[in-house]
Amino acid sequence: MGITQPKDSAIKEAVGEHFNAQYSGLLSATQVEKINGYKQNDTHYVAQMNIIATAERSLDDYAKHTLQDDTLSPLEKMASTLSTGLLKMTLPSFDAGDTVTFEREYLFVKTDNGWQLKKELSQSDAP
């Protein structure tokens with residue numbers, strides 16, 4: 001009989017890494033907690049997470065920094081500007097050093113190499 005769900009420690013680590021990669025240069029996860037979880041079937045597990053993050057800079061500063069980044073191509077700068085605009089619509093307002101709380105759900109899939117974080121399921125922010 002195999003493991004029926006991912007370990008909480010593995011879930012927290014994977015979610016923290018995913019969050020930090022997703023918001024690199026803007027937000028950093030300081031606390032990751034599993035609120036709840038459930039099996040969709042034998043190979044799919046959904047983890048409901050609470051993530052507390054500290055803002056490394058405000059969204060406006062983040063946007064300015066991106067536009068001044070000479071390593072980015074004009075196309076990458078345009079894509080970043082669009083994604084920053086989307087973040088402004090979906091995230092609460094914050095300044096550098098502020099704490100922001102997120103509630104997210106993540107799908108984990110059982111593979112030959114163990115449980116893997118497949119994707120984020122929801123974008124329900126709780127400011």
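No hydrogens, no waters, no symmetry mates; every other heavy atom, side chains included, goes into these values. Source: prediction; values computed, not measured.
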Shortest non-hydrogen pair, Gln48 vs Glu105, comes out as NE2-OE2, 3.0 Å

For the residue pair Asn113 and Thr111, confirm or rule out a side-chain donor-acceptor distance under 3.5 Å.
-> no

Should the heavy atoms of other residues, nucleotides or ligands under 6.0 Å from NZ of Lys39 be counted, would the total exceed 12?
-> yes

Does the distance from a Lys or Arg side-chain N to an Asp or Glu carboxylate O, for Arg57 and Asp95, drop under 4.0 Å?
-> no

Would you give the length of the straight line joining atom CG of Leu82 to atom NZ of Lys77, rounded to the nearest 0.5 angstrom?
-> 14.5 Å

To the nearest 0.5 Å, what is the distance between NE2 (His65) and OG (Ser80)?
-> 9.5 Å

Quick one: does Ile51's side chain get under 4.5 Å of Arg104's, heavy atoms only?
-> yes

If only atom types and distance count, is the side chain of Thr66 paired as donor or acceptor with the main-chain N or O of Tyr62 below 3.5 Å?
-> yes

Side-chain contact, heavy-atom cut-off 4.5 Å: Tyr23 with Leu87?
-> yes

Mind checking whether Lys118 and Gln116 have side chains closer than 4.5 Å, heavy atoms only?
-> no

Where is the tightest heavy-atom contact between Ser58 and Leu26, given as atom of each residue plus distance?
-> O-CD1, 4.0 Å

Closest non-hydrogen atom pair, Ala63 against Thr84 | CB-CG2, 3.8 Å

Rounded distance [0.5 Å steps], OG1 in Thr99 versus CD in Gln31 | 10.0 Å

Give a yes or no on whether Leu91 and Ile52 share a hydrophobic cluster (residues Ile, Leu, Val, Met, Phe, Trp, Tyr; joining criterion: side-chain heavy atoms under 4.5 Å apart).
-> no

Between Gln40 and Val46, is any pair of side-chain heavy atoms under 4.5 Å apart?
-> yes

Residue pair Leu27 / Ala53: nearest heavy atoms and the distance that separates them = CB-CB, 4.2 Å

Is the side chain of Gln22 donor-acceptor paired with the backbone N or O of Phe19 at a distance under 3.5 Å, no angle test?
-> no

For the atom pair CG (Asp8) and NZ (Lys34), what is the distance rounded to the nearest 0.5 Å?
-> 4.0 Å

For the student: nearest non-hydrogen atoms of His18 and Tyr106, plus distance = CD2-CE2, 3.5 Å

Linking I/L/V/M/F/W/Y whenever their side-chain heavy atoms sit closer than 4.5 Å, directly or via other members, would Leu59 and Leu67 fall into one cluster?
-> no

Evaluation steps, side-chain contact (heavy atoms from CB on, under 4.5 Å), between Thr4 and Tyr45 = CA-CA 9 Å; Thr4 60; Tyr45 182 83; over 6 Å; no

Any donor-acceptor N/O pair, Ser24 side chain to Ala21 backbone, under 3.5 Å | no

For the residue pair Glu56 and Ala96, what are the closest heavy atoms and their distance?
-> O-CB, 3.7 Å

Sub-4.5 Å side-chain heavy-atom contact between Met49 and Phe102 = no

Inter-residue atom distance Glu33.CD - Glu103.CD, 0.5 Å rounding | 11.0 Å

Run the numbers on Phe108 and Val15 for side-chain contact (heavy atoms from CB on, under 4.5 Å), then give the verdict.
-> CA-CA 10 Å; Phe108 285 80; Val15 167; 4.1 Å; yes

With the 4.5 Å side-chain cut-off for hydrophobic clustering, are Ile11 and Ile35 part of the same group?
-> no

